[in-house]
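Have a look at the structure below, then the notes.
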Amino acid sequence: MSETLSNAQIAWRAAQDIADGAYVNLGIGFPEMVAKFQPPGRQAIFHTENGILNFGEAPAPGEEDWDLINAGKKAVTLKPGAAFFHHADSFAMVRGGHLDVAILGAYQVAETGDLANWSTGPKGVPAVGGAMDLVHGAKRVAVITDHVTKDGKPKLVERCTLPLTGVGCVTRVYTSLAVIDIAGGHFVLREKLPTLSLEALQAQTGAKLYLDGPVADLIVPEI
Amino acid sequence: MDKTVPNLATAVAGIHDGATVMIGGFGGSGAPIELIHALIDRFRATGHPTGLTVVNNNAGNGHVGLAALIETGMVAKLICSFPRSADPVVFTELYKAGKIELELVPQGTLAERIRAGGAGIPAFYTPTGYGTDLAAGKKIEEFDGRPYVQERWLKADFALVKAERADRMGNLTYRAASRNFGPLMCMAAAETIVQARTVVDPGAIDPEAVVTPGIFVQKIVEVTAPQQEETLNRAGAVH
């Protein structure tokens with residue numbers, strides 16, 4: 001196994017925890033990849049902020065219907081049993097606690113469950129979309145992310161230094177090295193790459209990793 | 001009762017300087033391109049309206065529709081959740097030059113503020129944004145041990161909305177996911193102006209299928225072959 005998981009492998013691992021019949025919102029960009037890796041025999045129902053439940057994959061090029069897009073403005077298709085609704089109903093589904101899982105990207109996640117994923121600071125044009133809504137209301141808010149930034153700095157930290165998306169909202173983090181729960185204000189290590197020592201993982205993590213029972217091997221197929 | 005007007009120019013003729021205008025659509029899905037272009041055409045011919053506050057989820061894409069409206073300089077302020085797109089050059093340049101004001105609102109809060117405006121609810125509490133920069137200065141209250149942010153309603157002088165079918169009384173249906181903000185904006189504006197692909201007589205739309213009841217609609221114009229922002233941009237169109 002490689003030393004770190006690819007994005008596809010992180011997405012695969014996150015997909016294994018989505019139950020059959022779960023209502024799921026995938027953040028735009030990297031999290032959208034999770035939909036590709038649903039285990040056989042399970043079918044999640046995907047929600048998009050702009051008012052569709054149970055949308056499917058992209059249509060073939062040239063067959064796009066531009067009234068049928070997802071939150072990332074990409075063309076999608078419908079599955080049997082799909083539904084349309086307006087934006088206030090869509091966010092009632094989000095804030096009202098009706099979604100089972102939201103899976104989002106992250107710039108930083110704190111051991112308190114705080115998430116920073118919408119702004120890298122005052123430069124450029126700020127844009128938030130539905131991120132601040134999605135972190136409230138879903139029964140589980142999970143993050144998928146590389147374990148460290150491109151220049152090697154921890155993305156899992158004691159306190160976020162970037163502008164917050166939400167306070168105390170993240171419950172599980174799937175990274176390129178490990179699966180980590182957030183409970184009681186701590187990072188609790190559940191799984192790590194078998195070739196990686198606990199010390200090496202801790203060295204790449206910006207806050208203390210707690211153990212609560214045995215740590216399983218993070219085994220992901222080559223994708 | 002007949003709320004139809006003969007053409008696009010008539011439909012947008014009453015929009016005045018300084019008006020707040022809600023524009024339906026999420027990206028290009030549901031964007032009332034023809035109504036927006038009619039407003040631009042009026043501005044080019046008369047210099048009015050100007051100083052508009054526009055409410056939309058986005059800030060336009062390329063050089064058509066909302067982006068083109070912003071490009072004319074008619075828009076003083078934009079209230080939106082996500083002013084980025086594949087080609088957001090128009091808004092980005094004006095924003096960086098300090099020539100357009102931005103009020104950034106989380107998407108669900110934007111939707112609920114518009115809904116509240118239409119429903120006569122002056123303020124509400126939401127968990128969204130608590131502890132973030134976007135809640136700065138807003139009233140916080142605890143309910144059942146959790147903190148919530150007070151948000152105010154959002155109302156408009158006008159709404160521009162794209163529908164699939166309209167009857168002459170203003171009952172509307174929408175196509176696919178294009179409804180998004182449309183039904184909310186129809187409620188929240190003093191004058192809602194709708195472009196519909198088909199206008200039919202009262203009774204031709206099954207009451208069970210009506211999405212926006214006609215009470216929320218003031219003017220209807222038929223646009224039988226509406227353009228899509230995405231298609232226009234792929235063709236390199238400029239309005």
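A note on names: the letters A, B, ... follow the listed sequences, proteins ahead of strands, and every chain is numbered from 1.
Annotation: cation-pi pair K155(A)/Y107(A) absent, no NZ/CZ under 6.0 Å from the ring centroid and within 45° of its normal.
A side chain to side chain donor-acceptor pair (under 3.5 Å) with H47(A) is found for exactly one of N25(A), D100(A), N70(A), namely N25(A).
For chain A, the option among C80(B), P106(B), A59(B), G28(B) with the highest count of heavy-atom pairs below 4.5 Å is P106(B). Of the listed residues G182(B), G30(B), P127(B), S178(B), the one with more heavy-atom pairs under 4.5 angstrom with chain A than any other is P127(B). In terms of heavy-atom pairs under 4.5 angstrom with chain B, the leader among F91(A), W118(A), W66(A) is W66(A). With respect to chain B, the highest number of heavy-atom pairs below 4.5 Å among A127(A), A71(A), G137(A), A75(A) belongs to A127(A). Counting heavy-atom pairs closer than 4.5 Å to chain A, the top residue among G129(B), G108(B), P147(B), A135(B) is G108(B).
Looking at S119(A), there are no atoms closer than 4.5 Å to chain B (heavy atoms on both sides), in backbone or side chain. Within the 4.5 angstrom heavy-atom criterion, only side-chain atoms of R179(B), from C-beta onward, approach chain A. For F85(A), the part lying under 4.5 angstrom from a heavy atom of chain B is the backbone only. Interface residue P183(B): only side-chain heavy atoms are found under 4.5 Å from chain A. Of the two parts of S85(B), neither the backbone nor the side chain holds a non-hydrogen atom closer than 4.5 Å to a non-hydrogen atom of chain A. With a 4.5 angstrom heavy-atom cutoff, V94(A) does not touch chain B via any of its atoms. Looking at F181(B), the atoms closer than 4.5 Å to chain A (heavy atoms on both sides) sit in the backbone and in the side chain alike. Looking at V211(B), neither its backbone nor its side chain comes within 4.5 Å of chain A, counting heavy atoms on both sides. Within the 4.5 angstrom heavy-atom criterion, only side-chain atoms of R146(B), from C-beta onward, approach chain A. There is no contact between Y174(B) and chain A, counting heavy-atom distances below 4.5 Å. Neither the backbone nor the side chain of N61(B) comes within less than 4.5 Å of any heavy atom in chain A. Contact annotation for L102(B): only side-chain heavy atoms (C-beta onward) come within less than 4.5 Å of a heavy atom of chain A. Heavy-atom distances place no part of D89(A) under 4.5 Å from chain B, backbone and side chain included.
Between K74(A) and E32(A) there is a salt bridge, since at least one side-chain N of the basic residue sits less than 4.0 Å from a carboxylate O of the acidic one. Contact check on R113(B) versus E103(B) returns a salt bridge, with a Lys/Arg side-chain nitrogen under 4.0 Å from an Asp/Glu carboxylate oxygen. A salt bridge links R159(A) with E111(A); the closest basic N to acidic carboxylate O contact falls under 4.0 Å.
Side-chain atoms of Y125(B) and E151(B) form no donor-acceptor pair, as typed in the model, at a separation below 3.5 Å. Using modelled atom types and a 3.5 Å distance limit, the side chains of Q228(B) and D67(A) yield a donor-acceptor pair.
Taking 4.5 Å as the limit, every side-chain heavy atom of F55(A) sits out of range of all side-chain heavy atoms of T77(A).
For the atom pair CD1 (I79(B)) and CG (L154(B)), the distance works out to 5.0 Å, reported to the nearest 0.5 Å.
When the shell of 6.0 Å around CG of D212(A) is examined, it contains 12 or fewer heavy atoms from other residues, nucleotides or ligands.
The aromatic rings of Y148(B) and F143(B) lie perpendicular to each other, with more than 60° between the two planes, well past the 30° mark.
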